[in-house]
Structure formats: structure tokens, C-alpha cells
Visitor: 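Structure below; questions to follow.
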Amino acid sequence: EDQVTQSPEALRLQEGESSSLNCSYTVSGLRGLFWYRQDPGKGPEFLFTLYSAGEEKEKERLKATLTKKESFLHITAPKPEDSATYLCAVRGGGGYNKLIFGAGTRLAVHP
Amino acid sequence: NAGVTQTPKFQVLKTGQSMTLQCAQDMNHEYMSWYRQDPGMGLRLIHYSVGAGITDQGEVPNGYNVSRSTTEDFPLRLLSAAPSQTSVYFCASSLPTSSSGNTEAFFGQGTRLTVV
């Protein structure tokens with residue numbers, strides 16, 4: 001069964017304190033691993049798509065990496081505006097773009 | 001370009017009432033879907049559609065109905081609301097994975113539904 005587990009559930013950082021969020025997955029035939037950011041009361045906002053082990057993508061202070069079993073979202077020198085819930089999802093086999101989501105990591109960055 | 005638009009943003013229903021959550025997208029995406037988000041759980045797929053006139057069930061379809069008469073619209077109907085359907089509902093749209101373009105899902109802002 002396709003499954004996504006994110007850790008930690010919550011993370012509190014001081015501004016400038018770098019860290020990583022983890023997304024472990026099991027899926028038959030990975031057709032993409034997605035990272036989304038979700039602010040309170042809003043819908044998920046797309047950040048990155050990774051397709052194969054070894055792939056990396058960056059956007060401002062965020063960098064996503066992928067192995068055969070997990071993905072990391074590295075946050076370098078975070079700012080308070082990076083505070084949000086970060087969601088990881090995988091797309092497996094089958095004819096539809098079905099996404100399997102993890103429960104998310106709530107990140108709080110304090111000045 | 002509005003993206004994915006959901007209405008209403010908030011709704012309170014009494015047990016047994018029915019209602020329709022609206023979803024519209026202006027990106028000409030073939031694929032549309034409905035998810036629910038509950039505390040401590042990931043988003044779960046309710047129903048999806050791969051094109052006008054074609055719908056199918058996701059992992060939690062019971063108590064919900066969908067139809068897709070146009071590419072733009074994908075309404076979700078609650079037939080007889082139950083407290084267990086209290087949740088935040090998100091509509092999403094995307095291109096097919098066979099597309100040469102980016103195939104990430106775009107989400108609406110959500111509908112927060114409370115059933116009392």
C-alpha cells in the first residue's frame with residue numbers, strides 16, 4: 001500500500017537556524033514526489049516536483065532532495081515568513097494523478 | 001487568471017441536510033479532484049475526474065457525489081450530511097501525467113464545513 005510519513009510533526013526554529021524536514025515513502029512506481037506549502041486557512045501551494053533518486057531542486061531558502069525511500073526539505077537560514085505547514089505527496093502508478101499525502105510538518109520560525 | 005475557485009469558504013449544516021460545494025478552474029485542466037483534510041491526517045482523495053463526463057471514486061467516497069458536465073466545473077454534493085463529514089475540503093486540478101507540461105496539482109482555498 002502506498003504510504004507517506006513526514007517527520008517531525010512540528011518544528012520550532014530560531015531565525016537563521018537551518019534544519020531539514022523528512023518525508024519517507026513507499027509507493028509502487030513513483031511518478032513524482034511533490035512538496036507543498038500550506039498557510040493557515042489556505043490551500044496547499046506547490047513548491048517542487050522530484051522524479052528520480054539524486055534529483056535536487058532549490059527555491060530561495062528551500063532545497064528538496066530525493067532518494068529511493070525518502071525526500072528531505074532543507075531550510076537554510078529560515079525567516080519568520082517561512083513559518084507554515086509543509087506537505088509531502090507522492091504520485092504512484094495507475095492512470096490517474098492520484099496524490100498520497102503525508103500529514104505534514106508544522107514549521108514555526110521565531111525572530 | 002483565478003486558478004481554482006471554491007465556494008463557499010465556510011458552511012455550517014445540520015445533520016441530514018444536503019448541499020453542494022462548488023469548484024471551478026480556468027486553466028483548462030483535464031484532471032480535477034476533491035480532497036478532505038482532517039487534523040493529524042494527510043489530504044485524502046474523495047472523488048476525481050479525468051475529463052468532462054468521466055468521474056471515479058477515491059479512497060473516501062461514501063456520502064459524496066460528483067458530476068462533471070464541463071471541463072471547468074466539478075461540484076461535490078453531500079447527500080445527507082453527518083458530523084463525520086466535518087472537515088476542510090479542497091478541490092484541485094492538474095494536467096494529465098502524459099502531458100509535456102508541468103503536472104503538479106493546483107489547489108483551491110478550501111471550504112471549511114461543520115456539520116452539527
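Just so it is clear: chains get the letters A, B, ... in the order the sequence lines come, proteins before strands, and each one is counted from 1.
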Visitor: With a 4.5 Å limit on heavy-atom distance, are the side chains of A:Arg31 and B:Thr103 in contact?
Guide: no
Visitor: Can you say whether A:Gln38 sits under 4.5 Å from chain B via the side chain, the backbone, both, or neither, judging by heavy atoms?
Guide: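 Contact with chain B involves the side chain of A:Gln38 alone.
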Visitor: Which atoms of B:Ser49 are under 4.5 Å from chain A, going by heavy atoms: the side chain, the backbone, both sets, or neither?
Guide: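 Contact with chain A is through the backbone of B:Ser49 alone.
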Visitor: For A:Glu9, look at atom CD and say whether over 12 heavy atoms of other residues, nucleotides or ligands are found less than 6.0 Å away.
Guide: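 It does not: A:Glu9 CD has 12 such atoms or fewer within range.
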Visitor: Got a second to check how far B:Ser94's OG is from A:Phe46's CZ, nearest 0.5 Å?
Guide: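 Result: 11.5 Å between the selected atoms.
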Visitor: Testing the basics here: between A:Ala103 and B:Gly40, what is the closest heavy-atom pair and its distance to 0.1 Å?
Guide: CB-O, 3.6 Å
Visitor: Please state whether the side chain, the backbone, both or neither of B:Ala92 comes within less than 4.5 Å of a heavy atom of chain A.
Guide: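 Contact with chain A involves no heavy atom of B:Ala92 at all.
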Visitor: Taking atom CZ of A:Arg91 and atom CD of B:Glu104, what is their separation to the nearest 0.5 Å?
Guide: 8.5 Å
Visitor: Within the supplied structure, the quantity of interest is the number of heavy atoms (other residues, nucleotides, ligands) at a distance under 6.0 Å from A:Arg106 CZ; does it exceed 12?
Guide: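 Atom CZ in A:Arg106 is not packed in, count stays at 12 or less.
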Visitor: Can you confirm whether B:Arg77 is buried at CZ, in the sense that more than 12 heavy atoms of other residues, nucleotides or ligands lie under 6.0 Å from that atom?
Guide: yes
Visitor: Please confirm whether the backbone N or O of B:Phe107 pairs with a side-chain atom of A:Tyr36, one donor and one acceptor, at under 3.5 Å?
Guide: no
Visitor: Counting only heavy atoms not in A:Arg37 (residues, nucleotides, ligands), do more than 12 fall under 6.0 Å from its CZ?
Guide: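 Check passes, neighbour count above 12.
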Visitor: Go through the steps to decide whether B:Tyr35 and A:Phe101 satisfy the test ring pair (Phe, Tyr, Trp, His ring centres under 6.0 Å), and finish with yes or no.
Guide: CA-CA 10 Å; B:Tyr35 291 84; A:Phe101 280 87; 5.7 Å; yes
Visitor: Would B:Phe90 end up clustered with A:Phe34 when hydrophobic side chains under 4.5 Å apart are linked, directly or stepwise?
Guide: yes
Visitor: Does any part of the side chain of B:Leu43, heavy atoms only, come nearer than 4.5 Å to the side chain of A:Leu87, both counted from C-beta?
Guide: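 They are in contact (side-chain heavy atoms under 4.5 Å apart), so the answer is yes.
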Visitor: Honestly curious: do A:Tyr86 and A:Phe72 fall in one hydrophobic cluster under the side-chain, below-4.5 Å linking rule?
Guide: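 Result: no, two separate clusters.
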Visitor: Is any side-chain heavy atom of A:Lys98 less than 4.5 Å from a side-chain heavy atom of B:Tyr48?
Guide: no
Visitor: Should we count NZ of A:Lys57 as having more than 12 external heavy atoms under 6.0 Å?
Guide: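 Atom NZ in A:Lys57 is crowded, with more than 12 foreign heavy atoms closer than 6.0 Å.
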Visitor: Going hydrophobic residue to hydrophobic residue with side-chain gaps under 4.5 angstrom, can you get from B:Tyr31 over to B:Val66?
Guide: no
